[in-house]
Amino acid sequence: MFSSIIFTLSVLNFGRSDISDLKDALFFFLLVIDLNKAAILAQLALNSKRQDEVRANIARGMSLLGPSVTLDTLVEILLIGIGSLSGVKRLEILCGYACLGVVVNYVVFMTFYPACLSLVLELSRSSNDKIIMSHGSLLNEEDQKPNPVVERLKLIMIAGLFVVHAHSRWPFRTDDAEEAIDEQVASSVNPGILLTTNRNKTESPPDYRGFFMNWLSVSADNIVILILLVALAIKFIFFEDRGEIARQLRLEEEQRDEEESKQDEEEKKQEKEQDSNSSEEMDRLTRRFAGAMATTLTATTAGSSHRTGPSSKVFAGLVAAPGEDWIEVGAEADVELVDKEVQTEQQQQQVATTTSSTASNSNDDAATSPPRSVDECLAIYRSELGASVLTDAEVIQLVRAKYIQSYQLEKAVGDMERGVGIRRTLLNEAEVCITADLPYRNYDYSKVLGSCCENVIGYVPVPCGIAGPLLVDGELFHVPMATTEGCLVASTNRGSRALMGCGVTSRVVADGMTRGPVVRFPNVVRASEAMAWMQQPENFEKMKSSFDETSRFARLTKIHVRIAGRHLFVRFVARTGDAMGMNMLSKGTEKSLLQVQRLFPDMEILSLSGNFCTDKKPAAVNWIEGRGKSVVCEAVVPGDIVSSVLKTSTQALVDVNMSKNMIGSAVAGSIGGFNAHAANIVTAIFIATGQDPAQNVGSSNCMTLMEPWGSTGEDLYVSCTMPSIEIGTVGGGTGLPAQGACLQMLGVKGANMEHPGQNADKLARIVCATVLAGELSLMAALTAGHLVKSHLRHNR
């Protein structure tokens with residue numbers, strides 16, 4: 001109703017009508033609008049049990065309600081139109097507005113309302129991952145009954161309009177009657193006038209013939225009245241049964257419930273048959289396995305009856321010995337437990353062999369049935385059913401015919417995992433070898449599509465180890481590291497053990513993600529003027545105001561401007577809360593540049609990123625100015641720990657660190673590479689926690705310093721300075737389930753609502769402290785000559 005009023009105001013404004021008259025017409029407008037039909041359509045949509053039923057139910061409701069709503073609209077327009085023919089100017093204006101409101105309300109109900117209803121339901125279901133169910137039964141007869149007060153008011157309004165119309169065109173109001181009225185008015189002023197007039201006037205009988213001729217004459221008024229009477233007769237005779245729609249919809253609902261109950265019964269029967277078959281198979285396997293393991297259990301019990309440990313637990317999980325309270329699991333010795341969340345295709349094939357014969361037969365029938373023609377499949381795809389009812393072969397036909405784009409398969413079929421499987425089939429047919437070793441099943445692709453990856457064909461499981469506990473600022477952390485490099489987690493774990501007694505102290509000394517666009521001016525004069533303008537504090541505040549409007553968390557802190565000929569490179573630096581913040585920076589930078597462009601219209605924005613950021617490339621600006629989180633951490637390792645855990649001495653470590661990390665990196669001309677292997681730890685934590693692995697380029701900038709400590713110089717002081725850790729706990733890959741679990745392990749998952757940015761700062765401190773542990777362990781291995789030995793033992 002609100003939308004109808006707004007649209008009516010827009011139409012009146014477009015027609016340059018007097019809006020002040022609408023306040024009186026609003027009464028008519030509220031009376032003629034019938035929210036009953038809108039409620040019926042909403043209930044029908046809410047009764048959908050699946051996502052694909054929403055649009056179908058709305059379309060079905062419109063097909064049932066459409067004729068009734070159309071006829072009601074026509075009758076209302078004709079009834080109110082009587083007032084526009086009354087001859088009373090004020091009433092004609094109000095009725096004209098009311099008629100316009102009825103028309104607009106009809107257009108809104110037939111177009112805008114069902115579209116918005118479908119959109120709201122789809123958004124609410126996709127955001128909550130739940131099916132919205134309607135409360136109570138659908139459309140009982142009470143819901144169909146109109147409001148009696150409103151109906152009474154409508155009848156009074158119609159009667160009033162008829163009275164006004166009849167009175168304005170009353171046939172007995174002849175000229176003599178009008179003269180009599182005039183004489184009465186005049187007599188009130190001068191009584192003598194009435195006396196004189198009565199003497200000279202002759203009486204004449206009323207003209208009844210004029211009365212009938214007036215009603216029988218063909219005029220616009222009489223045509224409207226005739227059409228109105230016919231329309232009312234049709235409505236009351238043929239369309240007045242208000243409960244018909246409810247009964248029809250209720251009947252359809254009952255039929256659907258019966259079908260669903262039958263399907264449930266059939267499924268229960270199939271499950272019972274499957275359970276009975278599975279139980280028989282399980283008993284057979286258990287008996288065979290028990291017989292095969294009897295001798296092994298006897299020998300093991302006799303040879304190691306005094307020993308308890310993991311082996312006894314394993315046998316306890318396999319089969320129950322007499323008199324023991326063990327758990328019986330009917331499984332063969334060579335069958336491995338399968339992780340239901342992530343499993344390879346080969347394991348899936350093993351699991352699929354244990355499914356019921358009924359399901360396999362139905363799948364075989366669907367696979368072997370010949371696909372329908374492209375035209376028939378296209379008609380089904382464009383209908384309310386969509387591609388979800390098509391077989392994989394039929395969907396592939398539509399892809400080859402260019403009716404479905406390959407990158408839109410997930411959206412087209414309505415099943416993300418099925419879409420990925422169809423894409424793999426297409427690529428295999430195109431001779432792109434995708435083997436079963438690349439898994440794709442049992443993965444939550446809803447977190448991936450539109451956020452992390454496109455044209456998905458599966459996922460790559462990466463081993464994830466854990467290092468720790470690592471004591472950072474008085475808090476213990478077990479740090480997840482996803483890597484395929486042997487010895488990395490073990491080495492970092494040794495460094496964490498060496499730091500356990502002293503702990504690591506860390507601080508975030510700067511926070512600011514950057515974006516550096518490049519703009520161009522006609523000449524260096526204009527470029528220098530713009531540079532000077534941006535560097536003025538009051539003008540920076542104007543740019544900051546525009547920048548900060550684009551986000552609740554992004555806050556511009558400073559800008560760096562560099563000139564190169566007639567080009568300007570502007571490096572925006574901003575805090576971004578718990579997000580890594582590249583998207584925030586891009587949005588805010590664009591808004592701020594547009595404001596500058598209003599003052600300098602000859603400024604040309606060439607690129608939102610001019611490599612002055614600098615993102616995912618080695619750059620001295622990140623090493624000097626910092627980017628993301630600038631973190632520094634330190635630890636003092638006792639001398640006895642250096643000798644017992646790290647197997648070396650403090651003096652040897654300091655000497656190797658100076659020669660390798662300082663002098664060697666300087667000889668190589670390294671930028672930010674004054675460390676042993678910071679990128680190893682940074683990348684492993686980035687992959688585990690859903691960061692952008694490519695940003696290890698700048699995030700691995702690190703300077704590792706070591707020096708003797710204490711009065712004797714036997715203790716070791718070690719520090720790591722990392723000025724550009726680009727990290728976040730929300731957005732991107734941090735929303736994936738496995739990566740979110742790793743963030744949860746560290747206690748930094750998601751955004752910190754009380755102190756925005758605190759989770760990202762904490763994760764950056766953990767990264768820097770873990771790098772320090774890895775640096776300490778690797779430098780000790782190099783000093784003691786253990787590097788090659790450990791890699792040969794573990795990697796080979």
**Item:** Trace of the side chain to side chain contact (heavy atoms under 4.5 Å, CB included) decision for Ile727 with Met580
**Value:** CA-CA 5 Å; Ile727 206 166; Met580 188 269 292; 5.9 Å; no

**Request:** Please assess Tyr106 against Val103 for the test side chain to side chain contact (heavy atoms under 4.5 Å, CB included), listing each intermediate value before the final yes or no.
**Result:** CA-CA 5 Å; Tyr106 172 73; Val103 173; 5.7 Å; no

**Message:** With heavy-atom distances below 4.5 Å as the criterion, would you say the side chains of Cys613 and Arg627 are in contact?
**Reply:** yes

**Message:** Looking at Glu376 and Pro371, would you say the former's side chain and the latter's main chain have a donor-acceptor pair under 3.5 Å?
**Reply:** no

**Prompt:** Are side-chain heavy atoms of Phe547 and Leu585 found at a separation under 4.5 Å?
**Reply:** yes

**Request:** Grab the two heavy atoms, one from Tyr445 and one from Tyr440, that are nearest each other, plus how far apart they are.
**Result:** OH-O, 2.5 Å

**Message:** Quick check: closest heavy atoms across Thr483 and Ala684, and the distance to 0.1 Å?
**Reply:** CB-CB, 4.2 Å

**Asked** Between Glu410 and Arg418, does a salt bridge (charged side-chain N to carboxylate O under 4.0 Å, His left out) hold up when you go through it step by step?
**Response** CA-CA 7 Å; Glu410 292 87 351; Arg418 183 189 174 199; over 6 Å; no

**Prompt:** Any luck finding a side-chain donor-acceptor pair between Asp375 and Ser373 under 3.5 Å?
**Reply:** no

**Residue Asp392 excluded, over 12 heavy atoms near CG under 6.0 Å** = yes

**Fill in**
Between Arg423 and Val456, the two heavy atoms sitting closest are NH1-O, 2.7 Å

**Atom pair CD (Glu726) and CG (Asp615), whose distance is rounded to the nearest 0.5 Å** = 6.0 Å

**Prompt:** Taking all non-hydrogen atoms of both residues, which atom of Gly577 and which atom of Ala760 are closest, and how far apart?
**Reply:** O-CB, 4.1 Å

**Item:** Donor-acceptor contact present, side-chain Tyr113 to main-chain Ala38, <3.5 Å
**Value:** yes

**Request:** Could I get the full list of side-chain hydrogen bond (donor to acceptor under 3.5 Å, both in side chains) partners for Glu429, not counting sequence neighbours?
**Result:** Arg400

**Message:** Would you say that Met584 contacts Thr550 through its side chain, given a criterion of any heavy-atom pair below 4.5 Å between the two side chains?
**Reply:** no

**Request:** Give the intermediate values and the outcome of side chain to side chain contact (heavy atoms under 4.5 Å, CB included) for residues Glu417 and Asp415.
**Result:** CA-CA 6 Å; Glu417 184 175 294; Asp415 185 342; 3.9 Å; yes

**Asked** Atom CG in Leu608, atom CZ in Arg515: separation rounded to 0.5 Å?
**Response** 6.0 Å

**Prompt:** For the side chain of Ser118 and the backbone of Ala115, is there at least one donor-acceptor N/O pair under 3.5 Å apart?
**Reply:** no

**Prompt:** Just by distance, do the side chain of Glu394 and the backbone of Arg372 share a donor-acceptor pair under 3.5 Å?
**Reply:** yes

**Prompt:** So how far is it from Leu736 CG to Thr689 OG1, rounded to the nearest 0.5 Å?
**Reply:** 11.0 Å

**Message:** Before you tell me yes or no, could you show the steps for Val448 and Tyr459 under side chain to side chain contact (heavy atoms under 4.5 Å, CB included), namely the whole-Å CA-CA distance, both residues' side-chain angles and the distance that decides it to 0.1 Å?
**Reply:** CA-CA 10 Å; Val448 176; Tyr459 56 92; over 6 Å; no

**Prompt:** Between the side chain of Ser68 and the main-chain N/O of Leu64, is any donor-acceptor distance below 3.5 Å?
**Reply:** no

**Asked** Between Phe109 and Val69, which heavy-atom pair has the shortest distance, and what is it?
**Response** CE2-CG2, 3.7 Å

**Approximate separation, where rounding is to 0.5 Å, of Leu409 CG and Ile404 CD1** = 6.5 Å

**Prompt:** Going by heavy atoms in the side chains, are Ser551 and Lys587 under 4.5 Å from each other?
**Reply:** no

**Asked** Under 4.5 Å between any side-chain heavy atoms of Pro517 and Ser609, yes or no?
**Response** no

**Request:** Calculate, to the nearest 0.5 Å, the distance between atoms CD and CZ belonging to Gln695 and Phe686 respectively.
**Result:** 7.0 Å

**Message:** Between Thr734 and Gly731 (side chain of the first, backbone of the second, donor and acceptor by atom type, cut-off under 3.5 Å), is there such a pair?
**Reply:** yes

**Pairwise distance CD1(Ile422) to CG(Leu398) - rounded to 0.5 angstrom** = 10.0 Å

**Message:** Would you say that Val682 contacts Ser699 through its side chain, given a criterion of any heavy-atom pair below 4.5 Å between the two side chains?
**Reply:** yes

**Prompt:** Are there more than 12 heavy atoms of other residues, nucleotides or ligands under 6.0 Å from atom NZ of Lys591?
**Reply:** yes

**Item:** Close side-chain approach of Leu743 to Leu763, heavy-atom, < 4.5 Å
**Value:** yes

**Message:** Counting C-beta onward and ignoring hydrogens, is there a side-chain heavy-atom pair between Glu590 and Leu593 closer than 4.5 Å?
**Reply:** no

**Request:** Would you confirm whether Asp578, through its side chain, and Asn759, through its main-chain N or O, come within 3.5 Å as a donor-acceptor pair?
**Result:** yes

**Prompt:** Taking Thr589 for the side chain and Ser586 for the main chain, is one N or O donor matched with an acceptor at less than 3.5 Å?
**Reply:** no

**Asked** Any donor-acceptor pair under 3.5 Å linking the side chain of Gln597 with the backbone of Met603?
**Response** yes

**Complete:** What one should report as the nearest heavy-atom pair of Ala694 and Lys616 is CB-CD, 3.8 Å

